[in-house]
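Data first, discussion second: the structure below is written as structure tokens.
Each ligand, and each atom within it, is numbered from 1 in the order the structure gives. Keep in mind it's a predicted model, so treat the numbers as computed, not measured.
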Amino acid sequence: MNTFNSSFKRLLIVSYRLPFSIQQTSEGPSLLQNSGGLVSAVLSMAEQMGQNQGNAAAKIHWIGHGDSALQALGPDALENETFVAHPVYLDEAVNKGFYEGFSNDLIWPLFHYFPSYASFKEHDFDCYQQANTRFLEELTALIEPGDLVWIHDFQLMLLPDLVRQAIPSASIGYFFHIPFPNYEIIKLLPRTWRQALIKGLLGADVVGFHTTDYVQHFLQSVSEVLTLPIIDHRIVLPDRSVVVKDFPISVDFNKFNISGQDTEVFATQQHYKNLLRHNKIIFSVDRLDYTKGITSRLLGYERFLIQNPDWHDEVTFVMTVVPSRDKIGQYQELKREIEETVGRINGLFGTIGWRPIVYSYRSLTFTELMALYTACDIALITPIRDGMNLVCKEFVASRWDHKGVLILSELAGAAQELPDAIIINPTDTQEVADAIKQALVMPLVEQAERLVHMRKHLQNHNVFRWSHDFLSAFNTMISKPTDLETDLPIQPFVSTFSEARKRLLLLDFDGTLAPIVNDPADARLSESLKTILEHLAQSSDVVVISGRNRSFLEKIFTNIPVHLVAEHGAFLKKPDHPWERLDLSSDDWVEPVRLTMNQFVDRFPGSFVEGKETAIAWHYRKVENDDVEGHAIDLATQLRRVSSSTQLTVIQGNKVVEVKPAQHSKGTVAMTLVDQKHYDFIVSIGDDTTDEDMFRQLPNWAYTMKVGPGISFARYRLARQQDVETLLQRINDVLIEA
Ligand code: GDG
């Protein structure tokens with residue numbers, strides 16, 4: 001039963017391939033949809049969205065590369081009861097660079113951890129950009145308000161952002177079908193390419209991967225490439241957020257379960273069993289590809305045969321390799337290597353009546369595939385790397401008889417969901433050999449136990465759940481720009497605040513109470529925040545704790561009864577009291593530091609040195625030089641070297657390098673205040689490195705909150721500066737209501 005209500009009107013699917021073939025009928029050519037998992041998932045998704053099949057306005061639109069043969073067909077042939085196909089015609093040379101080049105010869109090997117197979121060609125990247133733009137053209141001609149665009153896979157990584165730029169309000173989903181590798185691999189891509197690819201994906205509202213590992217890897221790349229705040233499953237951009245989550249793809253469990261019992265499948269299965277003289281059957285099927293671990297698998301089987309002569313003539317390995325890309329040298333070489341290994345093993349162990357490996361290089365019909373899934377005793381699935389791997393899930397779903405053993409590589413995404421398989425490392429031939437032996441002698445009761453667990457999981461996590469969960473993320477996880485973006489549990493926080501009797505609020509200024517602006521002198525508090533602070537300060541100790549100098553803070557907070565802490569804790573001013581100097585160190589270190597900083601002012605126009613009473617800072621916010629961050633690190637390192645013998649701290653802040661006496665910090669002054677009263681509520685909010693001293697030193701029950709991206713000692717995070725005001729507004733509202 002469908003319980004899902006979606007606000008989308010139409011579904012527009014975009015993938016490199018169109019899942020259709022053209023069927024010749026007496027009335028002319030017509031569109032025939034293939035029966036892949038994605039098509040079933042999409043159909044069920046359309047149903048969840050309430051699209052009426054057969055209703056012309058609500059058909060599912062599928063945009064994908066079309067070969068030139070389609071061009072001759074009229075529009076009627078590109079439409080059936082449910083789907084409308086929109087072929088994207090690409091110039092042949094562009095398609096070659098885009099698909100064969102950038103997609104298959106670079107992204108595919110690199111993202112499957114085969115960097116030595118990757119070919120980095122600028123021309124291919126140009127084609128990749130051009131092709132993604134062609135897909136955009138097709139989409140923009142089609143898209144209407146209320147549509148959901150769902151883009152698939154690594155060939156179209158630039159498309160989400162292209163669509164976002166063209167139609168800012170579009171609803172865009174993206175699913176990545178292959179592994180997303182860790183940043184060390186992503187870093188192998190030229191800087192501009194990796195930036196474009198990551199930024200491209202962030203055009204989507206929801207980006208889905210198969211596993212939590214891939215999600216973590218992607219988030220790691222996002223933080224390396226773009227430094228954006230990440231809250232739970234969301235990457236927060238200034239005007240919207242991107243949900244990044246694992247949605248493990250699956251199979252149509254019922255289809256495989258029922259087909260396993262089909263009479264034709266049964267007949268074919270019996271035929272195979274007879275042909276193989278009722279030997280135990282090991283089965284594998286893969287597309288010809290170096291990621292599939294076919295040669296290692298053969299070597300594992302060979303080792304098993306060497307170590308277990310008693311099994312000779314009792315077992316047959318039926319290995320099907322589905323033709324793919326075999327016009328390409330690398331794949332021809334792989335095919336040759338596989339065939340040579342098969343020949344060698346059959347030659348070594350085979351007898352007149354027994355062929356240890358029955359190898360075929362062809363694709364199977366669905367009936368043949370089902371017959372082998374259900375006839376075999378072992379499914380041997382050993383990719384070196386695989387985004388998910390559906391074959392293992394299909395095998396499990398087919399085994400309605402609860403017989404058979406799955407041996408599965410730990411490097412397939414599916415291994416994370418199927419711990420009841422015998423999990424092996426595919427390159428460890430001994431482990432593979434042992435697993436084969438273990439599987440062959442596994443009692444039927446254990447086979448059934450393992451299969452029942454796995455089948456239950458797949459029954460609950462089928463392909464329809466996959467598409468349903470993906471679609472649900474649009475409704476439940478995306479936040480509006482006005483939402484408070486935080487991982488702080490708001491309700492408990494607000495009630496602890498309202499029930500407390502002595503409250504302390506420690507608030508940084510730049511980047512926390514006020515947005516960062518190009519010229520530090522222009523930083524201002526919003527009028528609304530002024531009112532909130534005035535009100536909060538009547539019943540709580542509100543402390544603005546900043547690196548700014550005294551006069552600046554006094555000017556900004558005139559007539560607001562807050563405590564002011566200037567120069568990172570060097571000065572403190574309580575409301576209606578004069579300033580106290582907390583820093584008592586000498587200043588003989590200032591001149592040498594100033595000289596070093598001045599050299600950087602000369603080198604980086606737009607930067608300047610700010611001399612404070614107890615500190616000195618080099619500001620470089622206005623410098624337009626991509627490498628300035630690296631030079632700021634150099635300056636900080638130099639200054640640390642100079643200041644190592646003196647009691648100084650060098651701070652690398654947000655576009656500033658600052659030197660101050662080590663004796664005081666925001667942490668020391670915060671603790672001085674904490675020790676003066678018995679506070680039962682403390683909140684400390686800041687965005688900068690210097691705020692970390694507070695976060696580290698405050699008692700662990702205090703609410704410490706980091707604003708923006710980056711690692712922190714704080715317990716919680718507020719994504720953007722504007723969220724600070726929203727949060728203070730929430731607690732202020734409680735006081736007003738009370
Ligand atoms: C990508 C990712 C991820 C295979 N041989 C025959 C045949 N097949 C069918 C299987 C299965 C599919 O092809 C292969 O499954 P994969 O999981 O490898 O899917 P791909 O689309 O190739 O790969 C992969 C997947 O996307 C889904 O996100 O799992 O990691 O690389 O359905 O049954 N079907 C028939 N004859 C064959 O010979 N009839």
Side-chain angles (χ1 to χ4, degrees), residues 13 15-19 21 34-42 64 103-104 107-114 150-156 174-181 208-211 213-214 246-253 255-256 259-260 262 264-265 268 283-294 318-325 359-374 376 379 381-398 406 408-418 426 458 461-463 466-467 470:
I13 305 287
S15 64
Y16 176 71
R17 274 182 206 293
L18 282 171
S21 45
N34 304 345
S35 57
L38 190 55
V39 171
S40 321
V42 162
S103 304
N104 286 346
I107 301 293
W108 177 268
L110 202 59
F111 281 42
H112 285 85
Y113 295 83
F114 282 83
W150 193 10
I151 302 166
H152 289 265
D153 227 359
F154 63 101
Q155 299 89 354
L156 300 171
Y174 180 92
F175 192 81
F176 207 73
H177 289 262
I178 66 169
F180 198 94
F209 297 93
H210 289 306
T211 70
D213 285 0
Y214 307 158
D246 57 307
F247 301 95
I249 202 170
S250 195
V251 297
D252 180 348
F253 181 89
K255 174 179 143 190
F256 284 90
S259 305
D262 179 84
E264 201 187 334
V265 166
T268 316
F283 173 56
S284 77
V285 57
D286 327 71
R287 205 167 46 72
L288 178 71
D289 200 274
Y290 46 83
T291 60
K292 299 295 182 184
I294 302 174
V318 177
M319 193 177 88
T320 301
V321 175
V322 179
S324 171
R325 307 190 76 201
Y359 162 76
S360 52
Y361 184 69
R362 66 178 182 102
S363 60
L364 305 167
T365 64
F366 184 69
T367 304
E368 288 171 331
L369 180 71
M370 286 305 302
L372 283 162
Y373 280 155
T374 48
C376 72
I381 316 231
T382 62
I384 306 280
R385 202 60 77 158
D386 211 333
M388 173 54 76
N389 190 291
L390 294 178
V391 169
C392 63
K393 291 190 171 181
E394 292 170 0
F395 163 73
V396 171
S398 320
L406 172 62
L408 179 59
S409 161
E410 61 182 343
L411 297 167
Q416 301 193 9
E417 283 179 85
L418 301 174
L458 294 181
H461 296 82
N462 59 22
V463 72
W466 171 71
S467 52
F470 191 86

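Distance alone, capped at 3.5 Å, is enough to place a donor-acceptor pair between the Asp153 side chain and the His177 backbone.
For the pair Leu38 and Pro19, the minimum side-chain heavy-atom distance is 4.5 Å or more.
The two residues Cys392 and Leu418 make their nearest non-hydrogen contact at SG-CD1, 4.1 Å. Of all heavy-atom pairs spanning Ser409 and Ala415, the tightest one is O-CB, 3.4 Å.
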Table of N or O contacts for ligand 1, cutoff 3.5 Å:
unit_1	atom_1	unit_2	atom_2	d
ligand 1	17 (O)	Leu390	N	2.7
ligand 1	28 (O)	His177	ND1	2.6
ligand 1	28 (O)	His210	NE2	3.1
ligand 1	29 (O)	Asn389	N	2.9
ligand 1	30 (O)	Asp386	OD1	2.5
ligand 1	30 (O)	Gly387	N	3.0
ligand 1	30 (O)	Met388	N	2.9
ligand 1	32 (O)	Glu394	OE2	2.5
ligand 1	33 (O)	Glu394	OE1	2.5
ligand 1	33 (O)	Glu394	OE2	3.2
ligand 1	36 (N)	Leu364	O	2.7
ligand 1	38 (O)	Leu364	N	2.7
ligand 1	39 (N)	Leu364	O	3.2

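Atom CD1 of Ile384 and atom CG of Asp386 lie 10.5 Å apart (nearest 0.5 Å). Phe247 contributes atom CZ, which lies 10.0 Å from atom CH2 of Trp466 (distance to the nearest 0.5 angstrom).
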